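The structure appears below as structure tokens.
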Amino acid sequence: MESMLNSLRSIVQEVSAARDLPKVLAIIVSRVKRAMHTQVCSVYLRGPKGDYVLMATDGLQQQAVERVRLAPGQGLVGRVVAREEPVNVEDAESHPAFRYFPETGEEHFNSFLGVPIIHHRQVLGVLVVQQSERRRFDEGDEAFLVTMSAQLAGVIAHAEATGTMVAIGAAAVQARFVGVSGAPGIAIGESVVVAPLADLTGVPYQQCEDIEAELMFFQRCLSAVRNDIKALGVQLEERLNREERALFDAYLAMLDDAALGAEVVTKIRQGTCAPYAWSEVILEHENNFADMDDAYLRERATDVRDLGRRVLAYLQESNQSCKIYPDHTILIGDELTASMLGEVPENKLAGLVSVQGSGNSHVAILARAMGIPTVMGVVDLPHTRMDGRPVIVDGYKGTVYSNPGVQLRKQYQAVAKEEQKLVKGLEALRDLPCETLDKYRLPLWVNTGLMADVVRSLEHGAEGVGLYRTEVPFLLRDRFPTEEEQRLIYRDQLRAFAPHTVTMRTLDVGGDKALPYFPIEEDNPFLGWRGIRVTLDHPDIFLAQIRAMIRASIGLDNLRILLPMISSISELEQSKALIHRAYHELVEEGCEVNLPPIGVMIEVPAAVYQARELAARVDFLSVGSNDLTQYLLAVDRNNARVANQYQAFHPAVLRALQQVVHDGHTQGVSVGICGELAGDPGAAILLMAMGYDVLSMNATNLPKVKSVIRAITLAQAEALLDDVMPLVEAEQVCARIDQMLLEVGVNRVVRPLEVDA
Ligand code: PEP
Ligand code: MG
């Protein structure tokens, strides 16, 4: 058992480090064959025509590779595909489904076990083992192969996609990758890949133009690391035993020109940039060590990796300063962060693509606020091979095209033009009130975080700020801002919107929002130390922020304070006590200022059930539907794998929303919503009918919501709400909303022309 688990782990590790499909498949067939003590292991993959092609084998004749093809249902392999489950037969030849291909030399092998390789519910291929003596593979074999296949499916899919990229090189062949929508809009531009520094597996592939200069640069970085290691060795000399000192010598030896260095030099000479060449060599060596039977040598894999990171840090650091962003930059990363966006000059940033994350990740919310078309969760995107390519981002559909052909490019240019026209049309609504045909007024506010949003919000006709995410300015720094620094930032916000209200939320970090200078490492960050839990444990941070907010509001008097992630009455009481303390201190210091209204966010199920008790103790409630949805449905808002299950229109969510507004109103407080749901035109109708007093959303969506509200009557909205509340599935709710919008003649997504790509 232990050894099976070890084989599994080491095969998966080795396969994951390989960088192209032929290597991936070669490792799989040889290692699985060895681990299972069989005579044949082969992989079949789905070809472009939907048939399954023998792509690699260890045991059958090599000439059969890429020649043997089976349609679903055809032969034993096709049977695995059609049934989507293992086929295990003792005597393959006598099986009615058997098909014989003379080029394989298969006639010697009687036993056959094939399991499907399934990725995203699709059969990507079939993994087969065969053996000459007539016996059934036992249950253990079957379980092993099924486990292997489940773990390898993602790696194979990724390698296939990367293969497309490598094969096409600079010569354009269009490829399409699917994710989820992060922010609507179309962007056409050139990709720039960003990766966390010193991450060996994430180094973007780049070609180098001046080979001699690259070689010199590489040697300089190597000698810098050599010096570091020598200096470290001297520093620690007293504290190290002989063995440990030997490690330093081993490091130095590895950096020797004849060792790792030489392999890298060869790759650079072939035109690969130094950071990528270095990471490739290191990953290969690390794997060789990790694969060794001897425990001491296996441990050396860690040393190779450590050394690899040290050199990579130098190689990347020196490259950083000269990073050039093209005019229409499409920023691509494994996991984009707010600060990565911050590094691109604003007028150059056209679109965003993130391999990780989903539509409700904070980076997507930020992108929506900034109006930058974004696609999230493109899990199969070979991002390290994407640097410098022409790319189209379709933020409506959640798709990304690399190397788009002339035809597609033209179609998307037309869409982008149409989009501009649409936006222009909506701009005309700016100074018109947000009211229904029968004159029911519904204030539309905005969510902000950056100063850039302020301008856009005012241009879009916002009547206030329902959520100012104070963590955004915190995220863009390398230390906590001081009280005075915060005061200045908050003052800008308050002044820009005065006399309209600005609702400032106290620091909401944790979950997927980590401050670089205040890391929180947890197994379950969304259920951990986040939001108010952090700031109540750090009254110093909380008090400084409250003081800064209140001081910023002097003379403007348009501040409201909002508390995130409240899950109990005592958290609210403690927060209020601190706010009162800060306020009284300021008054004692001579500030002439009013105590701002205080509200809580309803974003945890516990708060839904205590909305009445919370409302009795505050001035307003504001529903954070982004978190509320994730906690009600137990779906991580950030996880691309379950993005389809994150259903904002789930009947359970709608019921909670209705209950909160009802309970809040029984206590006479205003109830608003500041989650992304409020910015969906269809949802806005339901929320208005439920009685929400204010909807707060990203600036981009505000005109779209206004146009829809202005096209209907309150009675129509209430009828729609009556229709959807008894429905049991989110899809039914969406279908009913779409039908209604069609009847009144508006397009819910307010999306321009379709592209038939
Ligand atoms: C929410 O959870 O709905 C919300 C508005 O807060 P955030 O998205 O910043 O977590
Ligand atoms: Mg939240």
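What you are looking at is a predicted structure, and each value in this text was computed from that prediction instead of being measured. Counting convention: from 1, in listed order, for ligands and their atoms alike.
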Exercise. Any donor-acceptor pair under 3.5 Å linking the side chain of K706 with the backbone of L432?
Worked result: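 Looks like yes, one N/O pair under 3.5 Å.
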Problem set entry | Under 3.5 Å donor-acceptor, Y468 side chain and L494 backbone | no
Exercise. Any N or O of G675 that comes nearer than 3.5 Å to an N or O of ligand 1?
Worked result: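 In fact, backbone or side chain, G675 has no N or O that close.
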Exercise. Do any N/O atoms on E471 end up under 3.5 angstrom from N/O atoms on ligand 1?
Worked result: no
Exercise. What protein heavy atom is closest to atom 7 (P) of ligand 1, reported as residue, atom name and distance in Å?
Worked result: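 That would be H362 NE2, 3.2 Å.
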Problem set entry | Whether F518 and W529 hold their rings parallel, tilted or perpendicular, with breakpoints at 30° and 60° | tilted
Exercise. Restricting to N, O or S atoms of D627, which is nearest to the Mg ion (ligand 2)?
Worked result: OD2
For this session: Would you please say whether a donor-acceptor pair under 3.5 Å links the side chains of R368 and T374?
Result: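 Side chains of R368 and T374: no pair found under 3.5 Å.
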Exercise. Do E603 and Q630 have side-chain N/O donor and acceptor atoms under 3.5 Å apart?
Worked result: no
For this session: Below 4.0 angstrom from a heavy atom of I365, which ligand 1 atoms are there? Numbered from 1 as shown, please.
Result: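 Under 4.0 Å from I365, ligand 1 has these atoms: 8 (O).
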Exercise. What atoms in ligand 1 come closer than 4.0 Å to a heavy atom of L467?
Worked result: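 Close to L467: 5 (C).
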For this session: Ignoring hydrogens, just give me the one of E676, R505, E603, R637 whose non-hydrogen atom is nearest atom 8 (O) of ligand 1.
Result: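 It is R637 whose heavy atom sits nearest to atom 8 (O) of ligand 1.
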For this session: Verify the distance test for E603 against the Mg ion (ligand 2): any N/O/S atom under 2.8 Å, yes or no.
Result: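 Short answer: yes, at least one N, O or S atom is under the cut-off.
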Exercise. Roughly how far apart are Q493 CD and S553 OG, rounded to 0.5 Å?
Worked result: 13.5 Å
